[in-house]
Amino acid sequence: MRAKSSAIAPDRIAVATTSPEAPGAAAGGVRTGAGLLQAGLGVVAFSLTFPATAWGLESFGPWTLVAVRGVLAALVAGGCLLALRVAPPARRHWPALAVVAAGVVVGFPLLTTLALETSTTAHAAVVVGLLPLTTALLSALRVGARPSRTFWAAALAGAAAVAAFTVQQSGGALTSADAYLFGALLVCAAGYTEGGRLARIMPGWQVIGWALVLCLPVGVPAAALALSYEAVHLGVHGVAGLLWVAVGSQFLGLVVWYRGMAAVGIPKASQLQLAQPLLTLVWSVLLLGEHLTAAAPLTAVAVLVCIAVTQRARG
């Protein structure tokens, strides 16, 4: 569901001049193909997050689902960090990791889960499709950049399209679900912005990995408390949804996404991400049996066009 950062810092690589048929060119083509496949798998993983959350809510309460999801993802991430003997980040990086944790690990999952109690996944997918624009805006403010007028015009057009959609779908007034979704946009964009800054100095999977581990001391008691207050009705859909959002969306999806961006670069990979809201709309029909109104895919396409314009106009 969401704008992501490169997994590794840029390296200086000496490239020899070769013909298209040279072995080096062939290896580069294979690497690019593998990178696009990995980035594409990441987009598919993220596009399944909302339908999987809806499945998870069939068995778990919203607070239980979010807390247990975070604990499971942290255990997987921590296991990988230990197995690879990754040294902890420098002390100066922990405040930024805390922002990533608050936005990506806690805030976004919690607010979107609360929204999906009363909202359809299709509606949520269209609203959260604005996340790349929100992240770009916060990133520009954070680093003091001055994007072009075209960038701002496209960003405002995308925001206006989503605002019109939410008001139209809600019968002329915003609902509590819409408030949760817009709040999720802000906190997740803040987390992505700080994560993007950290990914310049450490692999991106380590950024999300340490952010997950940072939440573990709070996540375990939160999960125990939530389980004691919210009823659990285990079912195939509920367990599958929980496992997917914990392991698939929140960790493994990010791993292949960052590896793909490292191989092909942010511009190419980000073009694949434009399909994410539309993929979520497809999953909402196939997995949940939701019925789409014409406004949902049309608004999603309008937002994707605006995102594409901002990417070309950024600077």
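No side-chain heavy atom of W244 sits less than 4.5 Å from a side-chain heavy atom of T53. Residues V105 and V100 fail the side-chain proximity criterion, which asks for heavy atoms closer than 4.5 Å. Counting heavy atoms from C-beta outward, E230 and F60 have side chains that stay 4.5 Å or more apart. Counting only heavy atoms from C-beta outward, the side chains of V285 and H291 never approach each other to under 4.5 Å. A 4.5 Å side-chain heavy-atom check between W205 and L84 finds at least one atom pair inside the cut-off. With contacts defined as side-chain heavy-atom distances shorter than 4.5 Å, the pair P89/L97 qualifies. For the pair H123 and L181, the minimum side-chain heavy-atom distance is below 4.5 Å.
In this structure, P277 and A125 approach most closely via the heavy-atom pair CB-O, 4.0 Å. In plain terms, the two heavy atoms of L185 and V128 that are nearest each other are CD2-CA, 3.8 Å. The shortest non-hydrogen separation linking G248 to A45 is O-CB, 4.1 Å. The heavy-atom pair separating L81 from V213 by the smallest distance is CD1-CG2, 4.0 Å. Across every non-hydrogen atom of L216 and A74, the tightest pair is CD1-CB, 3.8 Å. Contact between L114 and P62 at its shortest, heavy atoms only, is CD2-CB, 3.8 Å.
Atoms OG1 and OH, on T64 and Y229 in that order, are 12.0 Å from each other to the nearest 0.5 Å. Here the CD atom belonging to E58 is positioned 12.0 Å from the NE2 atom belonging to H233, to the nearest 0.5 angstrom. Here the CD-CZ distance, from Q250 to F108, works out to 10.0 Å after rounding to the nearest 0.5 Å. Interatomic distance, L198 CG to W210 CH2, rounded to the nearest 0.5 Å: 13.0 Å. The CD atom of E290 sits 3.5 Å away from the OG1 atom of T121 when rounded to the nearest 0.5 Å. To the nearest 0.5 Å, the span separating OG1 on T113 from CZ on R69 amounts to 6.0 Å.
Proximity of a side-chain donor or acceptor of S59 to a complementary backbone N or O of G56 within less than 3.5 Å is not detected. No donor-acceptor pair under 3.5 Å is formed between the side chain of S249 and the backbone N or O of F46. Judged by distance alone, the side chain of S119 and the main-chain N or O of A177 form no donor-acceptor pair under 3.5 Å. Between the side chain of Q38 and the main chain of V256, no donor-acceptor pair closer than 3.5 Å is present. Proximity of a side-chain donor or acceptor of T112 to a complementary backbone N or O of P109 within less than 3.5 Å is detected.
By the 30° and 60° cut-offs, the orientation of the rings of H237 relative to W55 is parallel.
A donor atom on one side chain and an acceptor atom on the other are found under 3.5 Å apart for W283 and S47.
Linking Ile, Leu, Val, Met, Phe, Trp and Tyr residues whenever their side-chain heavy atoms come within less than 4.5 Å places L65 and V247 in a single cluster. Linking Ile, Leu, Val, Met, Phe, Trp and Tyr whenever their side-chain heavy atoms come within less than 4.5 Å puts V239 and L116 in one cluster. Hydrophobic cluster membership is shared by L252 and L48, with clusters built from Ile, Leu, Val, Met, Phe, Trp and Tyr side chains linked at under 4.5 angstrom. Under the 4.5 Å side-chain heavy-atom criterion for grouping Ile, Leu, Val, Met, Phe, Trp and Tyr, L82 is not connected to L212 through any hydrophobic cluster. Residues V86 and L214 are members of one and the same hydrophobic cluster, defined by side-chain heavy-atom contacts under 4.5 angstrom among Ile, Leu, Val, Met, Phe, Trp and Tyr.
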L111 vs F182, side-chain contact (heavy atoms from CB on, under 4.5 Å): CA-CA, chis, key distance, verdict: CA-CA 9 Å; L111 292 172; F182 284 119; over 6 Å; no
Chi angles and distances behind the side-chain contact (heavy atoms from CB on, under 4.5 Å) call for W94, V99: CA-CA 9 Å; W94 285 104; V99 175; over 6 Å; no
Worked check of side-chain contact (heavy atoms from CB on, under 4.5 Å) between T118 and T175: CA-CA 9 Å; T118 56; T175 65; 5.8 Å; no
Derivation and outcome, side-chain contact (heavy atoms from CB on, under 4.5 Å), residues V43 and L279: CA-CA 9 Å; V43 170; L279 281 174; 4.0 Å; yes
